[in-house]
Amino acid sequence: MVGLGTDPRSIRQRVEMLEQVLERSFRIPGINYAVGLDAVAGLIPVLGDIMTAAMGAYIVWEARNLGLPKWQLWRMGANVAVDTAIGAVPVVGDAFDLLFRSNTKNLRIIRKHLDKHHPETRVIDQ
């Protein structure tokens, strides 16, 4: 169950779940490559890109709630902006969405912060 609180553990769970949905929801048969809502929604012109940009911005907002430094928030915002801007270009943007995983990059930044400042939230991957 995903935590609904404002504590670091609950935020970590929400961000990890959202990253999973946006970047690694299912695998493409035959090539076994993970894709998510970000790549699929990007196929819908304008609306798909706006929707996934808002979800990416939510991850940055949660990072702000965790107290990440402003330079890391700017870096995360830049990841979302690049993904949105290039992802909005027809055809090229769809291929870019498959390769550039801004939400995974942002999750990595959040995990590094949490592991340093809130080690009790660490989850051992199996």
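FYI, the numbering just counts along the sequence from 1. As the structure is a prediction and not an experimental result, all values here were calculated from the model. Side chains included, hydrogens not; waters and symmetry mates left out as well; all remaining heavy atoms used.
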Please tabulate, for the side chains in residues 24-35, all donor-acceptor contacts under 3.5 angstrom to protein atoms that are two or more places apart in sequence or on a different chain.
residue, atom, partner, partner atom, Å
Arg24, NE, Glu19, OE1, 3.3
Arg24, NE, Glu19, OE2, 3.2
Arg24, NH1, Gln20, OE1, 3.4
Arg24, NH2, Glu19, OE1, 2.5
Ser25, OG, Val21, O, 2.5
Arg27, NH1, Asn32, O, 3.0
Tyr33, OH, Leu98, O, 2.6
Tyr33, OH, Arg101, NH2, 3.3

Looking at every non-hydrogen atom in both residues, tell me the closest pair between [X] and [Y] and how far apart they are.
X: Met76; Y: Val60; value: CB-CG2, 3.8 Å
X: Ser102; Y: Glu23; value: N-OE2, 3.7 Å
X: Thr84; Y: Ala53; value: OG1-CB, 3.3 Å
X: Met51; Y: Ala41; value: CE-CB, 3.5 Å
X: Thr6; Y: Ile11; value: O-CD1, 3.5 Å
X: Asp38; Y: Asp83; value: OD2-OD2, 2.8 Å

Please check if Val40 and Val80 belong to a single hydrophobic cluster, counting links between Ile, Leu, Val, Met, Phe, Trp and Tyr side chain heavy atoms closer than 4.5 Å.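 Shared cluster, no.
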Do [X] and [Y] make a side-chain contact, defined as non-hydrogen atoms from C-beta onward lying under 4.5 Å apart?
X: Lys112; Y: Gln72; result: no
X: Pro8; Y: Leu66; result: yes
X: Leu37; Y: Met55; result: yes

Tell me, with the steps shown, if Asn103 and Leu107 meet side-chain contact (heavy atoms from CB on, under 4.5 Å). CA-CA 6 Å; Asn103 301 299; Leu107 176 60; over 6 Å; no
Flag, side chain of Arg14 to backbone of Gly5, donor-acceptor distance under 3.5 Å: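 A pair under 3.5 Å: yes.
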Whether Thr52 side chain and Gly48 backbone form a donor-acceptor pair below 3.5 Å: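 Side chain of Thr52 to backbone of Gly48, a donor-acceptor pair under 3.5 Å: yes, one is there.
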With sequence neighbours excluded, give me every ring-ring contact (aromatic ring centres under 6.0 Å, His included) pair touching residues 60-83.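 Residue pairs with at least one partner in residues 60-83: Tyr58-Trp61.
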Show your reasoning for whether side-chain contact (heavy atoms from CB on, under 4.5 Å) applies to Arg111 and Glu16. CA-CA 9 Å; Arg111 280 181 174 161; Glu16 287 177 344; 3.1 Å; yes
If you measure from the Lys or Arg side-chain nitrogens to the Asp or Glu carboxylate oxygens, is any gap between Arg12 and Asp7 under 4.0 Å?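 Not counted as a salt bridge, because no side-chain N and carboxylate O are separated by less than 4.0 Å.
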Just jot down the side-chain hydrogen bond (donor to acceptor under 3.5 Å, both in side chains) partners of Asp94, sequence neighbours excluded, or say none.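 For Asp94 there are no side-chain hydrogen bond (donor to acceptor under 3.5 Å, both in side chains) partners, ignoring immediate neighbours.
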Apply side-chain contact (heavy atoms from CB on, under 4.5 Å) to residues Ile110 and Ile59 and explain how you reach the verdict. CA-CA 9 Å; Ile110 291 173; Ile59 292 174; 3.8 Å; yes
Mind telling me whether Phe100 and Phe96 have parallel, tilted or perpendicular rings, with 30° and 60° as the class edges?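 If you compare the ring of Phe96 with that of Phe100, the planes turn out parallel.
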Quick one: pull up CG in Asn106 and CG in Leu18 and give me the separation to the nearest 0.5 Å.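 Here the interatomic distance stands at 10.5 Å.
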